[in-house]
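Single-structure report; data block below.
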Amino acid sequence: MAVCIAVIAKENYPLYIRSTPTENELKFHYMVHTSLDVVDEKISAMGKALVDQRELYLGLLYPTEDYKVYGYVTNSKVKFVMVVDSSNTALRDNEIRSMFRKLHNSYTDVMCNPFYNPGDRIQSRWALLPVSASSPGGPYFLCPIQSRWALLPVSVSSPGGPYFLCPIQSRWALLLCPIQSSRAFDNMVTSMMIQVC
Amino acid sequence: MSPTQWDLPVELCCRPMAFVTLTGLDVVYNAVHRAVWDAFCANRRADRVPISFKVLPGDHEYPKCRPKRTSYEWYIPKGILKTGWMNKHLNLVPALVVVFYELDWDEPQWKEKQSECATRVEIVRQSLQGRNTKVAVVLIQKKTPLPPGEDVIASERAAALCNACELSGKSLFVLPHTDHLVGYIIRLENAFYEHAQTYYYTEIRRVKSHKEFLNKTTHQLLFVRHQFKIAFFSELKQDTQNALKNYRTAYNLVHELRAHETNILEIKTMAGFINYKICRLCFQHNTPLDAIAQFRKHIDLCKKKIGSAELSFEHAAWMSKQFQAFGDLFDEAIKLGLTAIQTQNPGFYYQQAAYYAQERKQLAKSLCNHEASIMYPNPDPLETQTGVLDFYGQRSWRQGILSFDLSDPEKEKVGVLAIQLKERNVAHSEIIITLLSNAVAQFKKYKCPRMKSHLMVQMGEEYYYAKDYTKALKLLDYVMCDYRSEGWWTLLTSILTTALKCSYLMAQLKDYITYSLELLGRASTLKDDQKSRIEKNLINVLMNESPDPEPDCDIFAVKTAQKLWADRISLAGSNIFTIGVQDFVPFVQCKAKFHAPSFHVDVPVEFDIYLKADCPHPIRFSKLCVSFNNQEYNQFCVIEEASKANEVLENPTQGKMCLVPGKTRKLLFKFVAKTEDVGKKIEITSVDLALGNETGRCVVLNWQGGGGDAASSQEALQAARSFKRRPKLPDNEVHWDSIIIQASTMIISRVPNISVHLRHEPPALTNEMYCLVVTVQSHEKTQIRDVKLTAGLKPGQDANLTQKTHVTLHGTELCDESYPALLTDIPVGDLHPGEQLEKMLYVRCGTVGSRMFLVYVSYLINITAEEKEIVCKCHKDETVTIETVFPFDVAVKFVSTKFEHLERVYADIPFLLMTDLLSASPWALTVVSSELQLAPSMTTVDQLESQVDNVVLQTGESASECFCLRCPSLGNVEGGVATGHYIISWKRTSAMENIPVIRTVITLPHVIVENIPLHVNADLPSFGRVRESLPVKYHLQNKTDFVQDVEISVEPSDAFMFSGLKQVQAISCGVYVDTKLRPRDGELYLWFL
């Protein structure tokens, strides 16, 4: 559906960028990069609006001859850019909106991952962390974060997959949430890029 | 650039204006005619009617009108629009021909003149045969005409003239050649304009009248042609609304035509023309959205109409032109006041035009790659007899042939070949770059910096293809930093790769090295094999050899480049390249870190330089130098490793200066700071790392400050945010991210090894010589020299304190104002290890309150650090806060001789002054003596000796004194009479003998003195004995200047018996004694009881 999906950091460097077809990757990189001009302009225009009233979806950024570029910005100024083939008329504003919402949810899950350092480029290898199953009391997750995090029990039996305790920003909140790795994010993006129509 | 086949014709792009020809004007030799012509054509402002004028001779031959067709039945059109048609109606066939003729109403030879004029009109009519062109006559007259109706001859003759010339009255005009020429001309041309409009109206009607004869099968082309003509005439008539309507109809008709490979170009050409007109009129009507919508529709309709595959570059060229023309229209509208926005501005159209131009280039490259042996066909199939085509958009070798079948395939082949060979000579890059730079200018205006950068990259790449490497490099270098600063590494790598090719092809050493350094670095997304190739080339260049050519370069350009590189081997010119890394991301990273934020001067300053290489192979550097703000230290921080040029890559793990990729190398530096730098900051100003050596080429990487390049600040931020635990490394290795640059350190003085003690007895008492005993003991292992003491009030306190605090070393004399508040650098001599010295210090505080005192001891000591003898200056300071209090409170009161409290004293009557000294000091005080200094107005009754000499007062004890005083009468003094001063001399009881006593002066209060008329003084013995007489003496004194009558009565008390004189007894028994007291006289009465 989408030909290119990008996540751009607050400082405007790419956190994640994927495009199909891959052979003309550079073109899409340029397209996403230039669309930031419009994103910047839209963000500065809505700067005065109240935070809770702010619309995260920025709409169509600019049309090119062959593609449409859509934008979305989170409250922490992380931008999502999606490039859609102009000929694809099945994608209306509502579909695009919901795709962005899905993307945002997935991104939030990535952020919840304690192994992900906000601001790092999102890479699938983050998911490949060793779990030592031989430890007493069930499988443990090795957290390379701080010493007191060394061994955390992961209950595999919980519905929706393994859960763990994770920190939100610098506060060490005890949260139960599903492990959503960058791998999962990658898969989600892939599913959005599969040509359906 | 000369106009190409794809440029829109001028007559299409101009604004059509009614065409009027003026005849009978001799603008060369006749001044009057010249003036008339100038008034017509000079300074035509926008408010004048839109007419284009032309001066033609009266017998000018206008284009022949073809005979009217009575039936279209057998007529088959050969094309849509003739190439000459627009020009014909703009510049050749007038709407109105004006015949100028000099003729006054009172012309004597009227008849002859009239017939000459009629002849001229006739000639004009002849040459316009068949056309509906109007004819008008203008009489140039010398006289100002009379108001209409008054000149009878004029109206008669005018009617006659009209008759002779077969003109209606509306077509005859008079132009008096007077002062108001321009005014007349404007009126004239307005009249011409009306005639012209009528003409175009009839033309439109005429074209419309053909319609009914047409049929849909054979005359499809004519539908378009006629619609176009109607629209064009409407434009000439300045009826733009109708013109637009008709153009829209024409546009729809064009797309209804049956399209085939043979006529697709003609259809597209016409569609392009009509679209241009529609967009232009929409912008003119200030409906830009309509224009954009029409253009989008146009592009969507035509995008797929490629036509012949062999000539597909033509389609791209045509598309490019469509976008460019629309961009131009848009831009022009903006210049006339339209506002564009970031997402809808002409830049997008120029960009798209450039994109199609690029496509055209690509297609041309693949379709026109004929071998050099293929010659351009002769005769030229693109040549026509007239040099131009008959119809727009047709092929020159088969003009007017409507059949879709190719009658002559051979001819077709030759024609296509000719076009392809011609296309090969087109300067595509030039076209692309022009379009891109147009787009850049637009995006700059509409706040699209990234779009601008992207287009500049494309321009740079196009210059690269056009082999203009200098310009390519300039552009690429300019935009590189935008991508670098935003961290778009894939894009940066792609730009760098092109830049590296350019610098290779020009053999630009410094650029080549710089780009290589960055392409090897961590910002580059190149694969390792590419990186090792670049690294190898870089090493080659440093060893003064030619690098291998970059891949995908033009073969001829590579050959030239190889020659250039060969020339470079002579090593002429400078071969040391210093490259500042702060603006890019090289493959070596550097961080400098002082071990501590401050160093004592007696220990060596230590810091580490961390280096890490990101290139694929180990690399050996030749030299590392560190520069400081104090350049004296530079010499101590150099590492040089002599190696032969060819060893750069050999013995990879040997030596300090060889960096293994990915491993952090730590280099320790040590130096002893100069004693002059104590208290100063030592800063690393730069780190220089040299690659290669002086015999070949040498690159010096220069880091400003303690390292860090264009990407490292963001990386440091990320590393700081990260809560990842890093895997453990062997002891001597560190994680690169965990190293934090520390580029400066403070040099602080050596830690003193002496003790300073202060002994004193607080609080200080006001004005006393307060004793502060300073004890300095050396704990140093060697002798310390030049011990100096600075003591006194700590600077930086209240300025008043400085004036009221005095310090001295000599306690035997009192300080005065001339003594300073702080004694500086008192030499105390040398101290051997363990030795101790004591110094007394006296402080005099003039006011109460707390003060901070500073005792600062400095000395010199010889120290050996890093086998170097240095003289260190050490110092130790102590501060102490001392409270100053009043030593005592003094209370003074006036009492009568009977010790009764007095509010006021009476003149000449003795009274007592009582002083009460209450010690407030926590320490015992000795009152050495006291003294009463009376004011002149006071006299003493008895001796003023001190009664408290050498009294010791403990805390809370008091010492009182009593003085009998008298105040002579002074009359009434306002505010009382000064009493004098009470001076107390005192010291601490504990103070030594030689400490001077302190005199504290207390000003006694003023007292109110009152005069009384009578004073009675009783003189009683202090005691009496039972049964013994007690003499009682009363002394009465008249204090006034007058005689006073006094009555005295004595009332006996039961306790006493009387004896003595009866008279006295009588008196004393309650008898009044009347007596007279003289002024100022006393009378003494004596009784004995």
Side-chain angles (χ1 to χ4, degrees), chain A residues 6 8-15 17 19 25-42 44-45 58-66 68-69 71 86-87 113-121 126 129 142-150 166-167 169-170 172, chain B residues 292 296 299-300 303 319 323 341-345 347-349 351-353 355-356 359 443-444 446-455 457-458 461 482-495 497 523 525 711 713-715 717-728 737:
Chain A
I8 314 291
K10 180 171 174 264
E11 297 84 0
N12 281 340
Y13 62 88
L15 290 174
I17 186 157
S19 55
E25 208 179 12
L26 214 54
K27 180 173 94 178
F28 290 110
H29 281 228
Y30 274 120
M31 203 179 284
V32 170
H33 184 243
T34 51
S35 75
L36 292 178
D37 285 336
V38 189
V39 173
D40 275 0
E41 200 64 16
K42 289 204 175 196
S44 71
L58 299 175
L60 180 67
L61 296 179
Y62 69 88
T64 67
E65 213 41 35
D66 309 309
K68 283 181 179 143
V69 186
S86 276
S87 59
N113 181 350
F115 310 119
Y116 175 71
N117 182 26
D120 277 351
R121 294 175 198 233
W126 275 108
L129 278 170
L142 286 172
C143 290
I145 305 147
Q146 284 193 356
S147 52
R148 62 180 142 143
W149 270 77
C166 87
Q169 298 302 321
S170 58
W172 292 83
Chain B
I292 292 167
R296 285 249 55 87
I299 291 302
D300 289 343
K303 197 156 52 175
M319 285 295 278
F323 278 98
I341 52 168
Q342 193 191 34
T343 50
Q344 189 57 262
N345 69 61
F348 286 102
Y349 300 96
Q351 188 196 9
Q352 201 59 34
Y355 165 73
Y356 276 111
E359 195 174 286
F443 283 114
K444 206 165 157 185
Y446 297 101
K447 287 195 236 165
C448 302
R450 294 181 188 87
M451 185 64 100
K452 197 189 105 192
S453 303
H454 174 40
L455 293 167
V457 171
Q458 287 183 314
E461 284 170 351
D482 295 342
Y483 292 97
R484 195 183 289 123
S485 64
E486 283 201 328
W488 284 73
W489 303 137
T490 34
L491 302 183
L492 178 67
T493 306
S494 134
I495 298 166
T497 312
T525 54
S713 59
Q714 174 67 26
E715 284 166 356
L717 183 72
Q718 271 305 110
R721 271 193 207 157
S722 166
F723 38 73
K724 249 180 280 174
R725 196 175 64 179
R726 300 183 179 90
K728 220 171 150 57
D737 285 344

B:K303 atom NZ, over 12 foreign heavy atoms within 6.0 Å: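 Buried by this count: over 12 neighbours within 6.0 Å.
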
Structural part of B:F323 lying under 4.5 Å from a heavy atom of chain A: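 Contact with chain A: side chain only.
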
Contacting moiety of B:Y349, where chain A heavy atoms sit under 4.5 Å: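 No part of B:Y349 comes within 4.5 Å of chain A.
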
Which atoms of A:L61 approach chain B - backbone, side chain, both or neither, heavy atom under 4.5 Å: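 Backbone of A:L61 only, per the 4.5 Å heavy-atom cut-off to chain B.
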
Check: B:M451 and A:Y62 side chains under 4.5 Å, non-hydrogen atoms: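 Heavy-atom side-chain distance check passes, below 4.5 Å.
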
Worked verdict on B:W489 versus A:R121 for side chain to side chain contact (heavy atoms under 4.5 Å, CB included): CA-CA 12 Å; B:W489 303 137; A:R121 294 175 198 233; 3.3 Å; yes

Minimum heavy-atom distance A:V38-B:Q342, with the two atoms named: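 Heavy-atom minimum between the residues: CA-OE1, 3.5 Å.
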
Minimum heavy-atom distance B:G487-A:P14, with the two atoms named: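 In this case the closest contact between B:G487 and A:P14 is O-CD, 3.4 Å.
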
Starting at [atom1] of [X], measure out to [atom2] of [Y] and round the result to the nearest 0.5 Å.
| X | Y | atom1 | atom2 | result |
| --- | --- | --- | --- | --- |
| B:T343 | A:K42 | OG1 | NZ | 7.0 Å |
| B:Q718 | A:E11 | CD | CD | 7.5 Å |
| B:E486 | A:I8 | CD | CD1 | 9.5 Å |
| B:S494 | A:Y30 | OG | OH | 4.0 Å |
| B:Q714 | A:Y13 | CD | OH | 4.5 Å |
| A:I17 | B:T490 | CD1 | OG1 | 6.5 Å |

A:H33 and B:Y483 aromatic ring geometry - parallel, tilted or perpendicular at 30°/60° bounds: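 Tilted, since the angle between the ring planes falls between 30° and 60°.
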
Ring geometry between B:W488 and A:H29 (parallel below 30°, tilted from 30 to 60°, perpendicular above 60°):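 Rings of A:H29 and B:W488: perpendicular, as their planes differ by over 60°.
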
B:R450 with A:D40: basic N within carboxylate O range, under 4.0 Å: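 Answer for the salt bridge query: yes.
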
Check: A:D37 side chain, B:K447 main-chain N or O, donor-acceptor pair, under 3.5 Å: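 It does not hold such a pair.
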
